[in-house]
Amino acid sequence: VQLQASGGGLVQAGGSLRLSCAVSGRTFSQSTIGWFRQAPGKEREFVAAIRWASRHTYYGDFVKGRFTISRDGAQPRTTINLQMNSLEPDDTALYYCAVDDHLILSSIRQAKEYGYWGQGTLVTVSS
């Protein structure tokens, strides 16, 4: 399984970024793909996730309608996008994508439940 995250960068507060995660090397019919972030000195935090088959989406409480997760492509390769709008300095972090199968609802927001991770892409929001 390969996950390649991209799209990070430096943006001013109020701006937007679109992160992408290219996932390949597996089938996705039972998969949930998630985005997490980790700021310096903080724990890894759930951002958003999408069920590949149903396209059901889930968001962290802090998102408050600013981010949208979506998917493109077909098996065995898919791209998971995270559109981030109205960015704030507190959104500064390393953003990771992750995937795993058969996640129950209570596990989707738990980083430890995901077995496959990408390398991360850095998002910096200046004030």
Side-chain angles (χ1 to χ4, degrees):
V1 179
Q2 292 185 326
L3 297 95
Q4 181 71 40
S6 61
L10 174 64
V11 64
Q12 289 188 334
S16 298
L17 281 175
R18 183 177 179 87
L19 306 184
S20 294
C21 178
V23 189
S24 61
R26 62 183 289 130
T27 58
F28 304 107
S29 57
Q30 303 297 324
S31 295
T32 300
I33 302 96
W35 283 97
F36 291 80
R37 70 184 188 181
Q38 190 164 18
K42 295 187 177 181
E43 294 187 353
R44 194 162 294 191
E45 179 180 34
F46 172 73
V47 178
I50 185 168
R51 302 277 201 191
W52 192 88
S54 67
R55 298 182 188 255
H56 286 167
T57 58
Y58 309 86
Y59 295 94
D61 292 340
F62 70 90
V63 170
K64 298 179 180 177
R66 300 181 297 130
F67 299 176
T68 303
I69 188 171
S70 62
R71 72 156 176 90
D72 295 320
Q75 305 189 71
R77 182 180 176 93
T78 193
T79 299
I80 306 302
N81 302 303
L82 184 68
Q83 177 66 41
M84 305 190 296
N85 300 325
S86 302
L87 285 163
E88 304 166 354
D90 284 348
D91 294 318
T92 295
L94 197 57
Y95 283 70
Y96 298 89
C97 54
V99 64
D100 217 312
D101 289 348
H102 305 293
L103 295 184
I104 61 176
L105 186 57
S106 60
S107 297
I108 289 174
R109 293 172 170 80
Q110 306 298 319
K112 64 182 178 64
E113 299 294 339
Y114 291 78
Y116 303 94
W117 290 81
Q119 84 289 1
T121 185
L122 182 62
V123 172
T124 304
V125 184
S126 63
S127 57

Smallest separation among heavy atoms of [X] and [Y], with atom names:
X	Y	result
Tyr58	Arg109	CB-NH2, 4.1 Å
Ser16	Ser86	OG-N, 4.4 Å
Tyr59	Ala48	CD2-CB, 3.6 Å
Ala5	Cys97	CB-SG, 4.0 Å
Gly73	Thr78	O-OG1, 4.1 Å
Leu3	Cys21	CD2-SG, 3.9 Å

Side chain to side chain, [X] and [Y], heavy atoms closer than 4.5 Å:
X	Y	answer
Asn81	Arg18	yes
Leu94	Tyr96	yes
Phe67	Asp91	yes
Val11	Met84	no
Arg51	Leu103	yes

(request) In sequence, state the C-alpha distance, the side-chain angles, and the governing distance for Arg26 and Val99, and then conclude on side chain to side chain contact (heavy atoms under 4.5 Å, CB included). (result) CA-CA 10 Å; Arg26 62 183 289 130; Val99 64; 4.3 Å; yes
(request) Only counting residues at least two apart or in another chain, list the ones meeting side-chain contact (heavy atoms from CB on, under 4.5 Å) with Ser126. (result) Leu10, Gln12
Is [X] linked to [Y] within one hydrophobic cluster, defined over Ile, Leu, Val, Met, Phe, Trp and Tyr using a side-chain heavy-atom separation of less than 4.5 Å?
X	Y	result
Leu82	Leu17	yes
Tyr116	Trp52	yes
Phe28	Val1	yes
Leu19	Leu87	yes
Val63	Tyr95	yes

(request) Give a yes or no on this: more than 12 heavy atoms of other residues, nucleotides or ligands lie within 6.0 Å of atom CD of Gln2. (result)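 Open: at most 12 neighbouring heavy atoms sit under 6.0 Å from CD of Gln2.
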Would you say [X]'s side chain and [Y]'s backbone share a donor-acceptor pair under 3.5 angstrom?
X	Y	answer
Asp72	Thr79	no
Thr124	Thr92	no
Arg77	Ala22	no

At what distance, to the nearest 0.5 angstrom, does [atom1] of [X] lie from [atom2] of [Y]?
X	Y	atom1	atom2	result
Ser20	Ile80	OG	CD1	9.5 Å
Asp90	Lys42	CG	NZ	6.0 Å
Asp101	Thr32	CG	OG1	8.0 Å
Ile69	Ile50	CD1	CD1	5.5 Å

(request) Name the orientation class of the two ring planes belonging to Phe36 and Tyr114 (parallel below 30°, tilted from 30 to 60°, perpendicular beyond 60°). (result) perpendicular
(message) Whether Arg37 engages the ring of Phe62 as a cation-pi pair (distance to the six-membered ring centre under 6.0 angstrom, angle to the ring normal within 45°) should be assessed.
(response) yes
